[in-house]
Amino acid sequence: MYLKKLELKGFKSFADNTEIYLRPGINVVVGPNGCGKSNLVDAIRWVLGEGNVRNLRGQKGEDVIFNGTDKTRALGMASVEMTVDNIDNILPVDYSEVTVARKVFRTGESEFLLNKSQVRMKDINKLFMGTGLGKRGYSIISQGELEQVLNGQPIDRRLILEEASGVIKYRHQRDVVKKRISDTKQDLLRLADILAELTLQQEDLALKAEKAEKHIRLSQEQVRLEQELLKFEINKVLKDYTNKLTNLEKLQKQWTDLKNLETDNTDQLDHNEKLLAEARLELNHLKEMVYLTENKQHSIIGDIRISEERIKSYTEGLKTAEIDEAKYKEMLANISLEVANRQSDLQAQKLAYEQKKDEYNEIINELRNFEHEIDLLKEKFEAEKAYI
């Protein structure tokens, strides 16, 4: 494996697109100080994934981008492509020639390319790990680094020797496995905590489920009781309606009898007008009684109509209660209040019934008094008729 080609554009002092072709053996770059020889080594180190810009003799990331001169404007991107011969398959890819590229923009965005396909920096490091061509490998030694290696700490020389021998790759794999084991232990601890929390939540949810089942059962019982209450009220109103109809028929019959009696008395009193003046006064009194009776009859008819509307309302309420059974499950508190209101209404209906009953008894007493007065009038009429 050897370096075949290096292409730079916008990297440090290489403003124009520069291509450098290398051949097997020793290649020498010669030039005066400051012409950019060290920038070639920096470019190789940078394209292999060097992230510390200080190792590239810079202060910040954008220092690797050509900053411009008096005659040339600054560029917005730096790009380096490195082509490596892989005919011996040292790199674990199915290509005889591998091209690695890196780009960086002044906005801070960057990207790595492997044979024109975008990859991660981690993939580049993994590709060259153990080959000696890594960013920290023995194959790239900048100016002054040889003396640093010879006079450096034993750990530094060990890392270079491990890189050269290919051991660093397995050390890296070992570190990765250790980190995964540590992360797995932390995950197990978190799973244990989560399991304990879920156990507590399960007990709480079981209690809530029991309460919910009890709530549904009580709601269903509430709906059933309310339906029975509505049926009872409807039956009660129907019975009251029937009784009032019966009373109305009786009053209508009595009213008809009184009208007939009034007609008969009128026919007879036409011939005896002078003699039966008092009887006419009594008849006028009877007419007033009839008028009062008619008013009471109209009042009872109005009550019957109100009862019919209540029956219709209660019937519609029963249908609505059957349709909205699901809603009553969520409105237990409101239903309890509604039951209390219905009980109050039931008491009010009972009180109204008692009042109507008292009115009916008063009407019966008035009718009895009226019949008694009619009997007295008949007796008086017969007595005066016999006198004539």
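These numbers were taken from a predicted model, which means no experiment stands behind them.
Here T107 contributes atom OG1 and M77 contributes atom CE; the two are 11.5 Å apart, rounded to the nearest 0.5 Å. Separating the OG1 atom in T199 from the CG atom in L195 is a distance of 4.5 Å, to the nearest 0.5 Å. E373 CD to E371 CD: the interatomic distance, rounded to the nearest 0.5 Å, is 11.0 Å. To the nearest 0.5 Å, the span separating OH on Y95 from CG on N115 amounts to 5.5 Å. Considering CD of E50 and CE of M121, their distance stands at 9.0 Å, rounded to 0.5 Å. Separation of atoms CG (L238) and CG (N243) is listed at 11.0 Å; rounding is to 0.5 Å.
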- Yes or no on side-chain contact (heavy atoms from CB on, under 4.5 Å) for L48 and M82, after CA distance, side-chain angles and deciding distance? CA-CA 9 Å; L48 290 176; M82 184 183 71; 3.5 Å; yes
- Item | Stepwise salt bridge (Lys or Arg N to Asp or Glu O under 4.0 Å) check, K253 with D257 | CA-CA 6 Å; K253 185 177 181 302; D257 294 339; 3.4 Å; yes
- Task: Could you please spell out the steps behind the side-chain contact (heavy atoms from CB on, under 4.5 Å) verdict for N247 and Y360?
- Result: CA-CA 8 Å; N247 294 333; Y360 172 76; 3.2 Å; yes
- Are I374 and H372 close enough, and set up right, to give a side-chain contact (heavy atoms from CB on, under 4.5 Å), and what steps lead you there? CA-CA 5 Å; I374 290 174; H372 179 68; over 6 Å; no
- Task: For side-chain contact (heavy atoms from CB on, under 4.5 Å), just list the numbers for N27 and V29, CA-CA rounded to whole Å, side-chain angles, deciding distance to a tenth of an Å, and then say yes or no.
- Result: CA-CA 7 Å; N27 294 268; V29 179; over 6 Å; no
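Taking the side chain as every heavy atom from C-beta outward, K259 and T256 never approach each other to under 4.5 Å. For the pair L114 and T99, the minimum side-chain heavy-atom distance is 4.5 Å or more. Side-chain contact check for K5 versus E19: some heavy-atom pair is nearer than 4.5 Å. Taking the side chain as every heavy atom from C-beta outward, S96 and N86 never approach each other to under 4.5 Å. The shortest side-chain heavy-atom distance between E7 and T18 does not fall under the 4.5 Å cut-off. Within the 4.5 Å cutoff, no side-chain heavy atoms of K103 are placed close to those of S110. With contacts defined as side-chain heavy-atom distances shorter than 4.5 Å, the pair W46/V104 qualifies. The side-chain heavy atoms of I65 and N67, taken from C-beta on, include no pair separated by under 4.5 Å.
Cluster partners of V28 are I26, V30, counting Ile, Leu, Val, Met, Phe, Trp and Tyr whose side-chain heavy atoms approach within less than 4.5 Å, directly or via other members. Other residues sharing a hydrophobic cluster with L376 under the 4.5 Å side-chain heavy-atom criterion for ILVMFWY residues do not exist; the residue is a singleton.
A salt bridge is absent between D63 and K60; no separation between the charged side-chain nitrogens and carboxylate oxygens falls under 4.0 Å. Between K179 and D183 there is a salt bridge, with a side-chain nitrogen of the basic residue lying less than 4.0 Å from a carboxylate oxygen of the acidic one. Checked for salt-bridge contact, R224 and E221 meet the test: a charged N lies under 4.0 Å from a carboxylate O. Contact check on K116 versus E81 returns a salt bridge, with a Lys/Arg side-chain nitrogen under 4.0 Å from an Asp/Glu carboxylate oxygen. Using a 4.0 Å cut-off between charged nitrogen and carboxylate oxygen, K9 and D16 do not count as a salt-bridge pair.
Using modelled atom types, no side-chain atom of R368 and backbone atom of I363 make a donor-acceptor pair closer than 3.5 Å. Side chain of N235 to backbone of K231: a donor-acceptor contact under 3.5 angstrom is found. Between the side chain of D123 and the backbone N or O of V119 there is no donor-acceptor pair closer than 3.5 Å. Side-chain N or O atoms of T184 include one that pairs as donor or acceptor with a backbone N or O of R180 at under 3.5 Å.
Shown here for G10 and A78, the closest heavy-atom pair between the two residues is O-CB, 3.4 Å. Nearest approach of K37 to G31, heavy atoms of both residues: NZ-O, 3.0 Å.
Among residues at least two apart or in separate chains, salt bridge (charged side-chain N to carboxylate O under 4.0 Å, His left out) pairs with a member in residues 93-102 are K4-E97. Sorted by first then second residue, the salt bridge (charged side-chain N to carboxylate O under 4.0 Å, His left out) pairs that include residues 355-367, not counting sequence neighbours, are K296-E366, D303-K356, K356-E359. For the salt bridge (charged side-chain N to carboxylate O under 4.0 Å, His left out) condition, the pairs that include at least one residue of residues 198-219, sequence neighbours left out, are D204-K208.
Cluster annotation: V98 is not connected to Y21 through the hydrophobic network of ILVMFWY side chains, with a link wherever side-chain heavy atoms come within less than 4.5 Å. Cluster membership for L40 and L3, using ILVMFWY side-chain heavy atoms within less than 4.5 angstrom, is shared. In the hydrophobic clustering of ILVMFWY residues, with side-chain heavy atoms under 4.5 Å counting as a link, I364 and F370 come out apart. If you chain together hydrophobic residues whose side chains sit under 4.5 Å apart, L113 and L8 never meet in one group. F105 and L75 sit in two unconnected hydrophobic clusters of ILVMFWY residues. Membership requires side-chain heavy atoms under 4.5 Å apart, directly or through other members.
N39 and S13 share a donor-acceptor pair across their side chains, judged by distance under 3.5 Å alone.
Around the CD atom of Q202, the shell of radius 6.0 Å holds no more than 12 heavy atoms that belong to other residues, nucleotides or ligands.
Legend: residues meeting side-chain contact (heavy atoms from CB on, under 4.5 Å) with I194, ordered by chain and number and at least two apart, are L198.
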